[in-house]
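In what follows, a single structure is set out as structure tokens and then discussed.
Just so we're on the same page: letters track the sequence lines, and every chain starts at 1.
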Amino acid sequence: MSARITKIEYVYPEKKISNDDLKTMFPDYDFRNFEKKVGIINRYWVEEKETALDLAVKACEKLFADIDRDSIDFILYCTQSPEYYLPTTACILQNRLGLLKNIGAFDFNLGCSGYTYGLSIAKSLISANQAKNVLIVTAETYSKYIHPLDRTNRAIFGDAATATLVSYSNDEHLGNFLFGTDGSGYDKLIVKNGGSKHKYDPEASDKIYGTNNIYSENHLYMNGPEVFNFTNDVIPNFTRDVLKDNGLGIVDVDQFIFHQANSFMLDFMRKKIGIPKLNFYNNLSDGGNTVSSTIPIALKNYSQCLDNIQTVVLVGFGVGLSWSGGVININHKL
Amino acid sequence: MKKIEFIQAIKNELEIESDLTETTNLSELEEWDSLSWMVLNAYVSNTFEVSLTAEDYKRITTVESVVEIIGYEKFD
């Protein structure tokens, strides 16, 4: 049994934060260079009482405008912002959406590599006849993890949720997926306190990194230079491996959609791999880095101009360190 | 690549308005922030096939210090 992506929907929170808004929070910093290099103009943050699950429910309800919710027989919920440590957020989602009870549902904790992992798992479930209509949800509220005075991460990360329906199909639209993991880089993107290893510390002191960014061990920490280096060292060759495993050359691909983290870094990788600009998606101006949501958002937006069948390569990479990628065909607006 | 060419190249890449010499302290320039590190790293990676690490970033002071980190043997 083969699989295809049937539909994608996404939502941002209502609160939009422009670079001008950031300037009032950080008046000593000129955001024009940031806008030009990183490529972000707006990002969206949830209000205090709003959670990633709330966004996820909205995204799924948008999907169900055209899709029968009773057709869903599996939920894959990708988040690093769970509703609770337990129970599984996907179970709560099943109830909130009024889905049938004879379905599977679980959370998986991945960030920027999460969507491509989700596609691969959905394909596996369908091809093994374990499911027919898989709902992949990505939902993240990194804004809740970031220190109010961490200018860099406040500017980069945005909140969002997406809902994707992957359905069984006569023809295979999801190709081979590959994976990569390097746990030695676990502390390059981390919220150190609050889990099993280190308790939340109400006395945690503020620390400085980079140019006057403030964080504490209760908050998100990202080692920008190391993450940048990892990406450039690993992802170009990995992309070549994905192409090879799917029997494709660069010229056979209509569009490469990588995790939308940083416009400058994306263009640097594009040139390193040798992909023409027209065939490489690079747009995070509205929404910023929404972690596992960047690829489905980009894919949906890209598909709006579709008038023929297209071969698309998807590559996600980041926190973990974790990466995955694969090839898909799409032949309609998602 | 000659050192003088390298200095001109990074002046362009980093869009530094003031004059740049070997002894200019990059980390004290108004234009220097984490974005300039990113641009510098990309240029150095493309030109010399050397990746600057987070530790290198902390050690960067003058233009000469960048040349030293890249490695004098990489220059004419």
TODO: Please look at A:N223 and chain B and tell me whether the side chain, the backbone, both or neither of the residue comes under 4.5 angstrom of a heavy atom of that chain.
DONE: side chain

Open item on the list: Within a 6.0 Å radius of atom CZ on A:F179, are there more than 12 heavy atoms belonging to other residues, nucleotides or ligands?
Closed with: yes

- [ ] Count the heavy atoms of every other residue, nucleotide or ligand shown that sit under 6.0 Å from NZ of A:K15, and state whether that count exceeds 12.
- [x] yes

Task: Proximal component of A:K188, with respect to chain B [non-hydrogen, under 4.5 Å] - done: neither

Open item on the list: Under 4.5 Å from any heavy atom of chain A, what part of B:E15 do you find: side chain, backbone, both or neither?
Closed with: side chain

TODO: Search all heavy atoms of A:F268 against all heavy atoms of B:S45 and return the closest pair with its distance.
DONE: CZ-OG, 3.7 Å

Task: Steps toward side-chain contact (heavy atoms from CB on, under 4.5 Å) verdict (A:E226, B:E55) - done: CA-CA 9 Å; A:E226 294 295 328; B:E55 287 309 307; 5.9 Å; no

Task: Interatomic distance, A:K36 atom NZ to B:L35 atom CG [nearest 0.5 angstrom] - done: 10.5 Å

TODO: Under 4.5 Å, counting heavy-atom pairs only, tell me which of B:Y57, B:W37, B:W32 racks up the most with chain A.
DONE: B:W37

Open item on the list: Quick check against the 3.5 Å criterion: does A:N229 have a side-chain atom that pairs as donor or acceptor with the backbone of B:S51?
Closed with: no

- [ ] Can you tell which part of A:N262 gets under 4.5 Å to a heavy atom of chain B, answering side chain, backbone, both or neither?
- [x] side chain

Open item on the list: So for A:D233, is it side chain, backbone, both, or neither that comes closer than 4.5 Å to the heavy atoms of chain B?
Closed with: side chain

- [ ] Go through the atoms of A:F34 and report whether side chain, backbone, both or neither lie under 4.5 Å from a heavy atom of chain B.
- [x] both

- [ ] Nearest 0.5 Å please: distance from the CE atom of A:M265 over to the CE atom of B:M38.
- [x] 8.5 Å

